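Before any comments, here is the structure.
When reading the values below, keep in mind they use all heavy atoms of this one structure, side chains included, and skip hydrogens, waters and symmetry mates. As the structure is a computational prediction, the values presented were derived from the model and not from experiment.
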Amino acid sequence: MRPDQAPDDMASGQWQDGPVSTQPSAIVTGASRGLGLALARSLASSGWALAIDARSDEALEEAARLLKADGAVSVAAIAGDVTDPNHAAALVEAARSQGRLELLVNNASTLGSSPQPRLADLDPGMLSNIVDVNLVAPLRLTQLALPDLRRNGGTVISITSDAAVEGYEGWGGYGASKAALEQLSNVLAAEEPDLRVYWVDPGDMRTTMHQEAFPGEDISDRPLPETRVPGFARILDGDLPSGRYRIDDLLGAE
């Protein structure tokens, strides 16, 4: 996940001391743990500037510390709710202030209640919240970032799930939100042919969210999020056309 090389006098960057106009920057939502943190750490080690968010201040501060240690040119860690329009605007402005906003990773998601209810028991209010987090928030961030992404030939990656395309009992709310996110991404790719737009299924992982989906079950057999990162690197570093990708397929093709 290498950004373009900056000139020698800009290569080291500055920590929050002002924009580094030639330096690529990325937004990664939900980056305090799990896949979001794994992706952000990979980008950091490749010298990207990062704007990250999460709900927890403490977890986000620890993530920022790790990213700086990994080599991120700069890190703007902004705690808040991804569904808040002001928070979304602050994320985009932070990424823009650090350099060329070239990458948006829509990773933050919610399952809703745990364990997952069947549709007969799904609270419509809970469904509205799931859709707000998993669909509306990514759309808002994409809209805010589009001027920069267009100008910089950028990339949008939205994290989806096999629940978007398979009929799993109890996954109706989450799956419906991810199916809608996939179609939103599909249309965005058609409307913005100069951008690279990907909706990516990372597969089952050993994460807090996955454990919440299966309360009380042993999920230690699931792969760690870090094992998914090479598949994302193939997307970012390669020339794959916009579209839907499964990380298992990309890793299997190595």
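Proximity of Tyr245 to Arg234: side-chain heavy atoms (C-beta onward) are nowhere separated by under 4.5 Å. A heavy-atom distance below 4.5 Å is not found between the side chains of Thr29 and Val105. Looking at heavy atoms from C-beta onward, Trp48 lies out of side-chain contact with Val73 at the 4.5 angstrom threshold. Leu67 is listed as a side-chain neighbour of Arg41, based on a closest heavy-atom distance under 4.5 Å.
Listed by chain and number, the residues in a side chain to side chain donor-acceptor pair (under 3.5 Å) with Glu226 amount to none (sequence neighbours excluded). Remark: Ala89 pairs with Leu144 by the side chain to side chain contact (heavy atoms under 4.5 Å, CB included) rule, at least two apart or across chains. A search for side chain to side chain contact (heavy atoms under 4.5 Å, CB included) contacts involving Ser158 returns Asn106, Val156, Leu181, Ser185, not counting sequence neighbours. Qualifying side chain to side chain donor-acceptor pair (under 3.5 Å) partners for Ser128, counting only residues two or more places apart in sequence or in other chains: none. With sequence neighbours excluded, no residue forms a salt bridge (charged side-chain N to carboxylate O under 4.0 Å, His left out) with Asp57. Partners of Asp53 under the side chain to side chain donor-acceptor pair (under 3.5 Å) rule, at least two apart in sequence or in another chain, are His87. Listed by chain and residue number, Val131, Asp132, Arg140 satisfy the side chain to side chain contact (heavy atoms under 4.5 Å, CB included) test with Val136 (two or more places apart in sequence, or in another chain). Residues passing the side chain to side chain contact (heavy atoms under 4.5 Å, CB included) test with Asp81, sequence neighbours excluded: Arg55, Thr83, Asp84. In this structure, the side chain to side chain donor-acceptor pair (under 3.5 Å) partners of Glu93, at least two apart in sequence or on a different chain, are Arg96. Glu61 meets the salt bridge (charged side-chain N to carboxylate O under 4.0 Å, His left out) test with no other residue; sequence neighbours excluded.
Classification of Asp121 and Arg118 as a salt-bridged pair fails, no side-chain N sitting under 4.0 Å from a carboxylate O.
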Could you tabulate the donor-acceptor pairs under 3.5 Å formed by side-chain atoms of residues 196-203, not counting sequence neighbours?
unit_1	atom_1	unit_2	atom_2	d
Arg196	NE	Tyr198	OH	3.0
Arg196	NH1	Leu236	O	3.3
Arg196	NH2	Tyr198	OH	3.2
Arg196	NH2	Ile235	O	2.6
Arg196	NH2	Gly238	O	2.8
Tyr198	OH	Leu240	O	2.6
Asp201	OD1	Gly203	N	2.9
Asp201	OD2	Asp162	N	3.4

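Of the possible donor and acceptor atoms, one in the side chain of Ser161 sits under 3.5 Å from a partner among the backbone N and O of Ala163.
We find the CG-CD1 distance between Leu50 and Ile27 to be 10.0 Å, quoted to the nearest 0.5 Å.
As a member of the Ile/Leu/Val/Met/Phe/Trp/Tyr network built from side-chain separations under 4.5 Å, Val165 groups with nothing else and remains a singleton.
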